[in-house]
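Here the structure is laid out as structure tokens; the discussion comes afterwards.
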Amino acid sequence: MPLPDLRHVADSLQQRIPDLFAELKRLVLTIPPGHVVTYGDLAKELGDSGASRWVASYLLLPEGPLADCSHRVVRSTGELGLYHNQNVDQKAQKLASEGVSVQNNQVDLKRFRWTLPAGSKPLVALKAWQRDFACPVGIELAAGEVQTIGGLDVSYQGDMAVAVCSCFGADGKELQKHFAHTMRVRFPYISGYLAFREIPVYLELFAEMQANDCLPDVLLVDGNGRLHPRRMGIATMLGALIGIPTIGIAKNQLCGSILSDQLTVGSWEPIVASKNEPDDVLGYAILPHAKTKNPLYVSQGLGIGDLRMQEIVARCFAGHRSPEPIYHADRESRRIASTL
DNA sequence: GCGACAG
DNA sequence: ATCTTGTCGC
């Protein structure tokens, strides 16, 4: 199956990613003096209440572009919450000067809550994109021995992202070569939407690797694949976009429940969406070795069945918690980011 | 009050 | 992910 022109894929995907910063700013600027909204109100208007933590952290940025308005955003309980300059009293004073009465660090939301205008809800569109995403059917890891296993990770220096792909041989333990690409990210980290933050830099990286005729046979991606609220984690989406089989490797559990309550070294314990449907396996938890008590969360990206996925990941274990290709990509991307 | 969500 | 000091252990 011919691979797509990744230069073109990179450019067209970038077009489809909304500017959440601009949309949040637009919403915040509609709050008139004398009114407040909650972090959750803003997140829901962006399309997902799960974005409230990002909304709060962005508003509370000390030198952030919305620092002038952040006093008008409070917690859902009516508590004032934090303020960008650490001085909550100043938040109360600003609200009071605008006519919002504050008692015991609380605002009466019934009286002062502003109704935000209907927005474009960009996260609703992105959720729909994930749900409806049609994976190409032809992507399957070829039978026989794998030649090259790639490990992917991204590190950050501010809003600069450094993506690295470390290419390992069939044994999964010997580094052959690696590639790196640095670019500015323009989408925040929100749980469930990691792909929209990190896929752009990966696509730039793979466009270069394609130009050098150095694409691995299979990719281990730092993040989930099928183990995702909408079954469309970054590993799955990336595999579909670049046409290479992928496996998702996460260090923390995003969703689902582990069927077994006992993890033993080297055993693949199924993770299901709900214990009521134990046949719907989203991925596996595995302890790579006895030195760590935290498992790795491994799930199908695209084009590889469970057994082969387990075999490929297992042969990449060598004393670190992460498989060697990801471990190397993590260290190398971090090293480069620290020089920026 | 508790639980809590990849990077 | 990043911010961060010392500290425990192989």
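Sequence lines set the chain letters: A, B, ... in the order given, protein chains first and strands last, and positions in each chain run from 1. Just so you know, these numbers come straight off a predicted model, no measurement behind them.
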Which part of the nucleic acid, if any, lies within contact of [X], taking any heavy atom under 4.0 Å across all strands shown: a base, the sugar-phosphate backbone alone, or nothing?
X: A/G192; value: base
X: A/K251; value: sugar-phosphate
X: A/G50; value: nothing
X: A/Y193; value: base
X: A/I234; value: base

Could you check how far [atom1] of [X] sits from [atom2] of [N], rounded to whole Å?
X: A/L282; N: B/dA6; atom1: CG; atom2: C1'; value: 14 Å
X: A/R335; N: C/dT2; atom1: CZ; atom2: P; value: 14 Å
X: A/L60; N: C/dT2; atom1: CG; atom2: P; value: 21 Å
X: A/I199; N: B/dG7; atom1: CD1; atom2: C1'; value: 13 Å
X: A/R186; N: B/dG7; atom1: CZ; atom2: C1'; value: 19 Å
X: A/D153; N: C/dT2; atom1: CG; atom2: P; value: 8 Å
X: A/Q157; N: C/dA1; atom1: CD; atom2: P; value: 14 Å
X: A/F196; N: C/dA1; atom1: CZ; atom2: P; value: 21 Å

Examine [N]: is either OP1 or OP2 under 4.0 Å from a nitrogen or oxygen in the side chain of [X]? Give yes or no.
X: A/Y156; N: B/dG7; answer: no
X: A/R334; N: C/dA1; answer: yes
X: A/N252; N: B/dG7; answer: yes

- prompt: A/S12 and A/Q14: side-chain donor and acceptor closer than 3.5 Å?
  reply: no
message: So if I take every side-chain heavy atom of A/D222 and compare against B/dC5, C/dC3, C/dA1, which nucleotide ends up nearest?
response: C/dA1
- request: Group every Ile, Leu, Val, Met, Phe, Trp and Tyr by side-chain heavy-atom contacts under 4.5 Å, then state whether A/Y297 and A/I326 land in the same group.
  value: no
field: Partner of A/L254 under side-chain contact (heavy atoms from CB on, under 4.5 Å), chosen from A/N224, A/I271, A/L282
entry: A/N224
query: Atom SG in A/C165, atom NE2 in A/H181: separation rounded to 0.5 Å?
result: 13.5 Å
field: Residues A/R334, A/D153: salt bridge by 4.0 Å N-O rule
entry: no
